[in-house]
Each structure stands twice: as structure tokens, then as C-alpha cells.
Amino acid sequence: MHDLKDLRTRPDYYKDKFSKRDKSLLLLFEEILKLDEQKRGIQTKADELRKRKNEIADEIGRSKDHKEKVESLKKGGSDVNSKLAEIEKEEMDLTYKLTEKALWLPNIVCDSVPEGEDETKNKEISKWGNPRSEKWIKSHWEIGTKLNLLDFERGVKVAQSRFTVLSGIGAKLERALMNFMLDHASSKGYKEISPPILVNKESMTGTGQLPKFDGDFYKCENEFLYLVPTAEVPLTNLYRDEVIPLEQLPVKYCAYTPCFRREAGAASKDTRGIIRQHQFNKVELVKIVLPETSDKEHEGLTDDAEEILQKLELPYRKILLCTGDTGFSAMKCYDLEVWFPAQNTYREISSCSNFGSFQARRINIKYKPNPKDKPQFVHTINGSGLAIGRTMAAILENYQTEKGTIIVPNILRSYLGNITEMC
RNA sequence: GGACAGGUGUUCGAGUGGUUUAAGAAGCAGACCUGGAAAGUCUGUGUGCCCCAAAAGGGUACCGAGGGUUCGAAUCCCUCCCUGUCCGCCA
């Protein structure tokens with residue numbers, strides 16, 4: 001959500017920014033400016049009528065003894081009210097349309113974000129580790145099934161496609177990863193939270209999942225609740241409609257949750273393996289920070305996520321997304337992509353975004369720079385630290401031995417009863 | 001799920017149809033006082049939106065949310081949400 005006042009004060013700036021993201025936004029932008037102007041005109045009219053209404057009511061209160069005067073004043077009051085009813089209907093109508101449209105405007109991106117329409121224009125920032133590429137390395141689904149860590153068929157039987165069962169060491173490995181990642185986040189100063197994983201519509205709208213991406217999420221029948229697509233939603237919304245005391249900033253939270261996504265537009269993508277599931281587990285990192293520090297805090301959060309991959313000794317690269325590929329609510333986003341030797345490619349395992357004040361404005365999270373100052377919007381940042389299913393898949397491929405076993409990454413051994421190999 | 005009681009500003013708390021522009025108090029900020037402080041005295045103290053080139057100023061809305069009655073609603077009526085207590089049910 002943007003500040004409408006700011007949109008109308010410097011339209012050229014926004015036009016330039018929006019056109020870099022997506023040219024078709026210009027039309028929406030113009031529409032919003034027009035609605036805004038209409039709405040303000042009507043509001044002024046309505047305010048005037050409401051003023052008149054209040055004056056009449058006051059006057060009746062003061063002259064209760066003069067019966068005739070009161071009668072004529074009442075008549076005047078009714079007249080004003082009938083006019084006001086019309087204007088107010090129009091006002092409500094325009095306000096509704098305006099906010100409805102405004103919710104569809106994406107964030108504008110940072111100047112440091114490369115221009116481009118799709119992922120081909122993303123910029124590689126760095127690479128870490130030595131990718132393996134031996135031909136004998138099996139895909140994670142093949143080796144996972146062979147070692148009885150993953151059971152795809154029973155996942156489908158119990159639920160449907162894109163649901164997988166983990167069993168034995170497979171299930172334990174997932175739990176180990178969850179604990180390791182939470183411990184890592186804690187050591188970096190993130191407070192551990194166990195949030196609701198069903199959230200209401202306000203929360204989904206607040207972080208920007210709705211209204212644009214309705215249909216991507218699981219919704220409870222007869223309840224106005226959604227299964228979270230990411231812990232970002234409950235974590236960021238914890239402070240909705242609050243003014244955070246200055247000394248509490250920055251707020252740093254982490255949470256492990258299952259995540260649920262319908263993957264409606266991904267029919268033929270990643271149909272094998274556990275890369276793209278309807279249900280997956282993730283540890284999420286969220287920061288709520290002062291605007292002037294958000295750049296630094298974003299870099300810091302990305303570093304924190306990278307460190308997990310380094311500790312797991314998984315090769316990865318860091319990508320800065322271009323304007324066209326940056327998510328709806330984000331102003332800047334790094335993707336961490338882990339190496340999958342069997343697929344001979346890097347795949348996204350974490351997405352670390354700085355949202356500026358975009359989410360804060362939608363959900364009304366503020367702070368006061370000084371006790372006397374007006375409350376200002378905070379900045380919000382989040383990133384995966386990390387997607388657990390994909391991390392597990394990466395381990396199955398990167399730690400495979402030629403004899404068909406999986407070495408347990410050093411850092412995880414203490415979480416797995418000190419076993420060193422899965423076979 | 002049933003019964004009862006509640007939801008007022010940063011906080012406590014008054015207010016059950018009309019000088020309430022939300023009493024009063026606490027807190028906070030400023031000024032005075034003081035060698036300095038405390039105490040005391042005085043003043044100020046919310047948020048959103050709109051008008052205004054800007055500032056100054058003004059308007060409007062907000063007493064859990066949304067409707068309704070009325071010239072006028074924190075106050076009356078309806079629906080919903082939440083909190084508390086008790087009962088029922090349940091990991």
C-alpha cells in the first residue's frame with residue numbers, strides 16, 4: 001500500500017517506478033489518481049454537510065424551550081440529512097473503490113535493483129562452495145525412496161499429489177533441520193515464536209498475499225481463515241495496529257511452521273520430488289526495523305540465512321532479483337539458490353525481502369522517533385531460514401556417496417543421535 | 001455450545017439522549033519555583049482523512065466492529081467480534 005498523498009504529490013516519480021516493474025500498472029495508477037480526486041471532492045462536500053448537521057443539532061439542544069423554533073430547525077435537519085445520505089453513499093462508494101484499487105498496486109523497487117522483465121535479468125551476487133557434478137548422483141526422490149526416507153505413493157494415497165510422507169531417518173532428518181535452523185536463528189538474536197498457522201483475511205491482506213493472489217491459498221470452509229502460505233503472515237501481523245516503543249526496535253522473530261500453497265499455476269513444474277509441495281515446513285525470519293536501518297538489516301538477515309547453508313556445507317549462490325521478478329510487496333529481494341547436482345542446477349531455497357513501509361502501511365505498524373513526534377511507519381523484512389523440504393532434498397543429493405548412502409552433514413550429527421550416514 | 005458480566009483516550013476511571021469541544025486522576029512534556037532536585041503551581045498532551053501553495057488555522061470521523069432509531073447517540077435497539085466468570089465438551 002502506498003501513501004495516496006505521496007502518489008498524488010509526485011506522480012511522475014511513481015509512474016517511472018511502476019513502468020519499470022510492469023507497464024500495465026500505469027493504467028491502474030491513473031485510475032487511482034482519478035478516483036482519489038473524486039473522493040476528495042466528495043469528502044469535502046460531505047464534511048460541510050456534516051458540519052451543518054452538527055450545528056443544527058447543537059442549536060436545538062440550546063433552544064429546547066422555543067417549540068416553534070425547534071420544529072423548524074428539525075425540518076432543516078431532516079433536509080440536510082437527506083442530502084447527506086446521498087453524498088455519503090457516493091463517498092463510501094468511492095472510498096471503497098479507491099482502497100480496493102490501491103491494494104493492487106505493488107511496491108516500488110529500490111534503485112539498486114537491476115531492471116528487467118523476468119528472471120533472465122536477475123543478477124548473481126556471489127557463489128559459495130564447490131558444486132559436485134558426478135554422473136552417478138541420483139535425484140533426491142530416487143535415493144530418498146530407495147533408502148525409505150521418502151514415500152511418495154502413500155503421500156498421494158493419504159492426501160493427494162504433491163504431498164509426501166517422510167519416514168524413519170527421513171522424518172528425523174527433517175526434525176533435526178528444524179531444530180538446527182531454529183537454534184541458529186536464536187543465536188543470531190531472533191526470538192522464537194510459535195504462531196497460529198490459520199490466519200484471518202486481514203492478516204493475509206496486511207502482508208500482501210491478498211487480494212492479488214487469492215486462489216493460491218487453502219481456505220477453511222465456513223470459517224474466514226486461511227492456512228498460512230508462510231510464517232511471514234502471522235509473524236509480521238503480530239504487531240498489526242500497534243505503535244512499537246522505540247527501545248523495542250528492531251524486533252527480530254523466527255518461527256518454524258508448516259506452509260500450505262495450492263500451487264495452482266504450477267501444474268507441470270517440479271512434479272517429481274519434494275521441491276514443490278502443497279505442504280512444506282519452513283523456518284522463517286522476520287524483522288521489524290527503523291526505516292533508516294532497513295537496508296543494513298536486510299543485508300544482515302540475508303547473511304543469517306546464508307550462514308545456514310554454509311554451516312550445512314551446501315553450495316549455493318546469491319541472486320539479486322530484477323524489477324520484473326521482485327515480489328509484489330517487496331522493494332528489494334535476494335534469492336538464495338542451493339546446488340542440486342542431480343539436476344545440474346541451482347534452485348531457490350530462501351527468499352529474503354525488504355518491504356520498506358509497504359506492509360507496515362497496510363497493517364498499520366508504527367513507531368515514534370521521539371515521544372513528541374508523529375508516529376511513523378516501520379519497515380519490515382523477512383526471509384526463509386530456510387525451506388526445510390528443499391534443504392533436505394539438497395542434502396540427499398549433495399551428500400550422496402557412490403555406494404548409495406547419504407553422509408550426515410557434520411552440523412546435524414548431534415541432532416541425529418550422532419549417526420554419520422544414512423543407509 | 002449454554003448462562004451471566006463486561007469492552008471508554010497512554011493508563012485508571014466517570015458518563016445511560018442535548019454547553020461532553022469525552023468529567024476527574026495518573027503518567028508524560030514544557031514553564032515557574034530551587035544552589036540542584038523532590039514537592040508544589042500553571043500550561044500542554046491521541047489517531048486517520050480533508051480544506052489551505054506552505055505555515056498558522058479550520059473541518060470531519062473515531063468511546064470493540066458494523067448497521068438502525070433520532071434534528072441530535074459513548075448513552076437506546078439489532079447483528080457480530082473479543083475479554084472475564086461459571087457450566088458443558090475436549091487434546
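Note: hydrogens, waters and symmetry copies are ignored here, and every other heavy atom, side chains too, is used. Chain letters run A, B, ... following the sequence lines, proteins first and then strands; every chain starts at 1.
- Straight-line distance between the C1' atoms of B:C12 and B:U85: roughly 22 Å, to the nearest whole Å.
- Between A:Leu98 atom CG and B:C50 atom C1' the separation is 13 Å, expressed in whole Å.
- Two rings, from A:Phe358 and A:His379, have their centers 6.0 Å or more apart.
- Within the 4.5 Å cutoff, side-chain heavy atoms of A:Pro106 are placed close to those of A:Arg21.
- In this structure, a donor-acceptor pair under 3.5 Å is present between the side chains of A:Ser294 and A:Asn354.
- Both A:Lys5 and A:Glu59 lie close to RNA chain B; mapped to their nearest nucleotides by heavy-atom distance, the more 5′-ward contact belongs to A:Glu59.
- Across the protein-nucleic acid pair, A:Asp6 atom CG and B:C49 atom C1' stand 16 Å apart, rounded to whole Å.
- A:Glu55 has its CD atom 16 Å from the C1' atom of B:G18, to the nearest Å.
- In this structure, A:Phe18 has its ring center closer than 6.0 angstrom to the ring center of A:Phe29.
- For A:Gln376 and A:Tyr367, the side-chain atoms include no donor-acceptor pair closer than 3.5 Å.
- Following rounding to the nearest Å, A:Lys368 (NZ) and B:G46 (C1') show an atom-to-atom distance of 7 Å.
- Comparing the same atom, C1', in B:U11 and in B:C28 gives a spacing of 11 Å after rounding to whole Å.
- Nucleotides B:U21 and B:U45 have their C1' atoms positioned 16 Å apart, rounded to a whole Å.
- At whole-Å resolution of the value, CD in A:Glu37 and P in B:C50 are 13 Å apart.
- Between B:C80 and B:G2, the two P atoms lie 10 Å apart (nearest whole Å).
- Distance CD (A:Glu247) to P (B:C28): 14 Å, rounded to an integer number of Å.
- Where RNA chain B pairs in unbroken runs of 3 or more (Watson-Crick or G-U, both distances under 3.5 Å), the stems are B:1-7 with B:81-87, B:10-12 with B:24-26, B:27-32 with B:40-45, B:46-51 with B:57-62, B:64-68 with B:76-80.
- Distance noted for atom C1' between B:G1 and B:G13: 35 Å (whole Å).
- Within 4.0 Å (heavy atoms only), A:Lys45 reaches no atom of the nucleic acid at all.
- Counting to the nearest Å, the C1' atom of B:C50 and the CD1 atom of A:Ile42 are 13 Å from each other.
- Nucleotides of RNA chain B nearest to A:Arg62 and A:Thr44 differ in position, and the one nearer the 5' end is that of A:Arg62.
- The residue A:Arg8 sits close only to the backbone: its heavy atoms come under 4.0 Å of sugar-phosphate atoms, none of a base.
- Side-chain contact between A:Gln400 and A:Lys138 is present, with at least one heavy-atom pair separated by less than 4.5 Å.
- Atom C1' of B:U10 sits at a distance of 31 Å from the matching atom of B:G67, rounded to the whole Å.
- Using P as the reference atom, B:U69 and B:C77 are 15 Å apart when rounded to the nearest Å.
- Side-chain atoms of A:Thr207 and A:Arg362 include no donor-acceptor pair closer than 3.5 Å.
- Checking A:Thr405 against A:Glu421 by side-chain atom types alone, a donor-acceptor pair falls below 3.5 Å.
- Counting any heavy atom pair closer than 4.0 Å across all strands shown, A:Lys366 reaches sugar-phosphate atoms only and no base atom.
- When the C1' atom is used for both B:C76 and B:C63, the distance is 16 Å, rounded to whole Å.
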**OP:** Between protein and nucleotides 53-84 of chain B, map the contacts as a letter string: B base, S sugar-phosphate only, - none, heavy atoms under 4.0 Å, written 5' to 3'.
**Re:** ------BSS---------BS------------
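- Counting heavy atoms from C-beta outward, A:His184 and A:Glu307 have side chains that approach closer than 4.5 Å.
- Counting heavy-atom neighbours within 6.0 Å of A:Lys101 NZ, excluding the residue itself, gives a total of 12 or less.
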